[in-house]
Engineer: 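This is the structure I want to talk about, given as structure tokens.
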Amino acid sequence: MMSEERTLTEKKQTEKPKKLWDGALKMVKGENTAQLIEQFTSEMTLVAEGLCEDQSKLRREMDSMITEEDKQIQKLQTKVDQLETLLDEERNAHDRDLTELRTRLASLEKKMPKETSKEISKDRKKAGSIIRDATWLVAIAAGAWIIVTILNKFF
């Protein structure tokens, strides 16, 4: 009796791996293969369509961002051009004022006696350096204003 039970137990134990193996083989080359291939194909098609749709959406968003960026660049370029024009006008006005002051100074020097003209010549050199320094300060201030304006547009 014991030997029969042992045989039945051994038989059951050998049947389990065999059933598992048969089930695996049946899945790989059995009746379900066509169905599994169809299911896999439909799922991969769905994934591919989703990826294609996502890529199209990203491309449209990227094109939109590029267009918006081009508009911003154009606006900034226009503002820079305006600021450069304004700076040129200010520089020309400053040059005209400087030329007028030099002309007036030269006419005053001609009217003064020679002794005082030497002193005025020294003063003129000082005034020239002051005017030159003032010109540089105006140019630096205008450049800083342009840079700050551009930075404000970006940030």
Side-chain angles (χ1 to χ4, degrees), residues 16-155:
K16 285 184 182 180
K18 187 174 182 185
K19 282 183 182 179
L20 182 63
W21 179 255
D22 288 342
L25 283 176
K26 193 175 184 181
M27 291 282 267
V28 171
K29 63 179 184 176
E31 302 117 22
N32 293 344
T33 305
Q35 182 184 2
L36 290 173
I37 290 173
E38 182 65 33
Q39 183 181 359
F40 176 78
T41 304
S42 68
E43 288 177 2
M44 289 307 292
T45 302
L46 182 65
V47 168
E49 287 173 351
L51 288 173
C52 183
E53 190 176 308
D54 289 347
Q55 186 179 17
S56 296
K57 182 180 176 183
L58 286 173
R59 185 161 289 150
R60 285 190 305 270
E61 287 178 5
M62 186 178 71
D63 289 343
S64 173
M65 289 174 70
I66 287 172
T67 303
E68 187 63 33
E69 190 67 26
D70 287 344
K71 288 179 185 176
Q72 290 295 329
I73 288 171
Q74 187 62 35
K75 284 181 184 178
L76 286 174
Q77 187 61 41
T78 302
K79 293 219 182 232
V80 167
D81 291 343
Q82 289 173 349
L83 290 172
E84 286 177 349
T85 303
L86 181 63
L87 183 61
D88 287 342
E89 289 172 0
E90 288 294 322
R91 194 174 290 146
N92 290 338
H94 181 69
D95 288 344
R96 282 191 305 270
D97 291 344
L98 187 59
T99 303
E100 182 183 330
L101 286 174
R102 286 181 180 162
T103 305
R104 290 163 98 192
L105 185 60
S107 68
L108 288 174
E109 283 180 355
K110 289 178 184 177
K111 292 179 182 178
M112 296 184 95
K114 288 190 176 185
E115 292 177 5
T116 55
S117 68
K118 289 180 182 178
E119 293 175 13
I120 290 178
S121 176
K122 290 178 185 177
D123 290 341
R124 183 177 183 202
K125 288 179 183 178
K126 285 182 184 179
S129 66
I130 291 172
I131 291 173
R132 185 174 46 248
D133 292 345
T135 303
W136 277 106
L137 288 175
V138 168
I140 290 170
W145 180 57
I146 289 171
I147 291 170
V148 167
T149 303
I150 290 171
L151 290 177
N152 284 337
K153 293 298 175 181
F154 281 117
F155 301 106

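Position 1 is the first residue of the sequence, and the numbers go up from there.
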Engineer: State which residues pass salt bridge (Lys or Arg N to Asp or Glu O under 4.0 Å) with Arg104; sequence neighbours excluded, sorted by chain then number.
Structural biologist: Glu100

Engineer: My understanding is that only residues two or more places apart in sequence, or in another chain, count here; which of them pass side-chain contact (heavy atoms from CB on, under 4.5 Å) with Thr85?
Structural biologist: Glu89

Engineer: Supply the atom-to-atom distance Asn92 CG to His94 NE2, rounded to the nearest 0.5 angstrom.
Structural biologist: 11.0 Å

Engineer: Can you measure from CG (Asn152) to NZ (Lys79) and round to the nearest 0.5 angstrom?
Structural biologist: 11.0 Å

Engineer: Thr103: which residues meet the side-chain contact (heavy atoms from CB on, under 4.5 Å) condition with it, sequence neighbours left out?
Structural biologist: Thr99

Engineer: With sequence neighbours excluded, what pairs up with Leu137 under the side-chain contact (heavy atoms from CB on, under 4.5 Å) test?
Structural biologist: none

Engineer: So Val47 and Glu43, do their side chains get closer than 4.5 Å, heavy atoms only?
Structural biologist: no

Engineer: Let me confirm one number: the CD-CD1 distance from Glu69 to Ile73, rounded to the nearest 0.5 Å.
Structural biologist: 5.0 Å

Engineer: If the condition is side-chain contact (heavy atoms from CB on, under 4.5 Å), which residues does Leu87 pass it with, not counting sequence neighbours?
Structural biologist: Arg91, Ala142, Ile146

Engineer: Could you tell me whether a side-chain N or O of Thr135 sits under 3.5 Å from a main-chain N or O of Ile131, the two making a donor and an acceptor?
Structural biologist: yes

Engineer: If you measure from CG on Leu83 to CD on Glu90, what distance do you get to the nearest 0.5 Å?
Structural biologist: 11.5 Å

Engineer: For Glu61, I'd like to know if atom CD has over 12 heavy atoms of other residues, nucleotides or ligands within 6.0 Å.
Structural biologist: yes

Engineer: Rounded to the nearest 0.5 Å, how far apart are CD of Gln55 and CE of Met62?
Structural biologist: 9.5 Å

Engineer: Take Gln82 and Leu86 through the side-chain contact (heavy atoms from CB on, under 4.5 Å) test and state the conclusion after the steps.
Structural biologist: CA-CA 6 Å; Gln82 289 173 349; Leu86 181 63; over 6 Å; no

Engineer: Only counting residues at least two apart or in another chain, list the ones meeting side chain to side chain donor-acceptor pair (under 3.5 Å) with Asp81.
Structural biologist: Gln77

